[in-house]
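Remember, it's 1-based here, ligands and their atoms both numbered in the order they're listed.
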Amino acid sequence: GQCAYLCPVGAIYETPDWKKVLKLLERKEKILVAQTAPSVRVALGEEFGMEPGSVSTGKMVASLKKLGFDYVFDTNFAADLTIVEEGTELVERFKEGGPFPMFTSCCPGWINLLEKIYPEFIPNVSSAKSPQQMMSSVVKTYFAKKIGVDPEDIIMVSVMPCTAKKDEIKRPQQKIKLEDGREIQTTDYVITTRELAKLIKLKEINFAGLQDAEFDNPLGTSTGAAAIFGVTGGVMEAALRTAYEVITNKELPKLEFTAVRGLDGIREAEIDIEGKKVKVAIAHGTANVRKLLDDIRDGKRYYDFIEIMACPGGCIGGGGQPKSLDPDILKKRAMAIYSIDELSTLRKSHENPDIQKLYEEFLEKPNSHIAHELLHTYYTDRTVKSKAIVE
Ligand code: SF4
């Protein structure tokens, strides 16, 4: 059924990557780098008896260090990078007249649906890689150079709410080409929030009693805009914060785009950017996503920019997250995500000083040639052509 490509539950497809990661941590032969997605920090604590909706960023980082990771970076840093790349693409499309609607690209569950059932929308999807994949590309180029090691001596492990992320890392078009011609995979392993909890329990680490630790630099700094990637509507809101300022050269009067928030399956809003009306939509959960796409295909709806997340609630409800019996669990995790944004000093991706430095020192400018080489991808038609195979 639908689960095979969207897999909000994912249990059937879960390979024990945690076992492979455990071996690597015990062997300590390579440099081990971890990154953590925005929604992991608002759910991991549930596995250790913390209240649903607790934010456990510092303990999560501390537990990864205790497990033996040499560096712990924040996928949120790369979410800021995604916004700068994708926001620039949106602004370019406004200048060039399309193609519209433009779709977000960071959910691999959605990308599977796109390639298998809705390939006609392929030109509409942003070419920006997901934050996970942007982070790993930057770690194996920019960061490897900074610390003077060969990229193949680094093992990159992502902690994700998501089981579809495990396949995303193996896509051939996600590989990068190094200066010496070698082609490498960027993320080596993905473990889910639940798998990380399993490792912490296995090593008998007292999670709730851990002293908070900080992400490593320079790939550990992030803004509130990146934090909200974990909840449905968040990528849209983060992109609008940046696109508004890039288009108008003016500071946003109000940061919160409350019209795009909430848990309704399909939400729409019209945003005024200096007289230009930008029509946006957000869908999450497979059934809602399909309804929205069918309506657009049938010409019943029109939008400029659309955010799609395969799981209910977005990544806070991902298939790799802790199981919960709390009927309000998505609301509680979403509130935790928004609280991180509100408490952040920096709340717009383009204002992240380490992102600015990354462009100055390495990537030149958003959507530059090198940014395209490392941070962008493409999609292919994977529809099943023969009816016999479907039946
Ligand atoms: Fe993965 Fe998030 Fe997409 Fe779910 S919504 S498939 S957790 S990226």
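Partner of Ser136 under the side chain to side chain donor-acceptor pair (under 3.5 Å) criterion, out of Thr186, Asp188, Thr187: Thr187 alone. Just one residue in the list Lys201, Arg194, Lys198 forms a side chain to side chain donor-acceptor pair (under 3.5 Å) with Glu47, and that residue is Lys201.
Numbered from 1 in the order shown, with element, the atoms of ligand 1 that lie under 4.0 Å from a heavy atom of Cys311 read 4 (Fe), 5 (S), 6 (S), 7 (S). Atoms of ligand 1 found under 4.0 Å from any heavy atom of Pro108, numbered from 1 in the order shown, are 8 (S). Here is the list of ligand 1 atoms found below 4.0 Å of a heavy atom in Gly318: 7 (S). Listed by number with element, the atoms of ligand 1 under 4.0 angstrom from any heavy atom of Ala310 are 5 (S).
Between Phe143 and Phe73, the ring planes are perpendicular. Angles over 60° get that label, and only those under 30° would be called parallel.
Using a distance-only test at 3.5 Å, with no hydrogens or angles considered, a donor-acceptor pair links the side chain of Thr104 to the main chain of Ile308.
In this structure, Lys59 fails the cation-pi test against Phe48, since its NZ or CZ atom is not both closer than 6.0 Å to the six-membered ring centre and inside 45 degrees of the ring normal.
Counting only non-hydrogen atoms, the option in Pro131, Cys162, Gly314, Ser130 that gets closest to atom 1 (Fe) of ligand 1 is Cys162.
Not a single N/O/S atom of Cys315, whether from backbone or side chain, sits less than 2.8 Å from atom 1 (Fe) of ligand 1.
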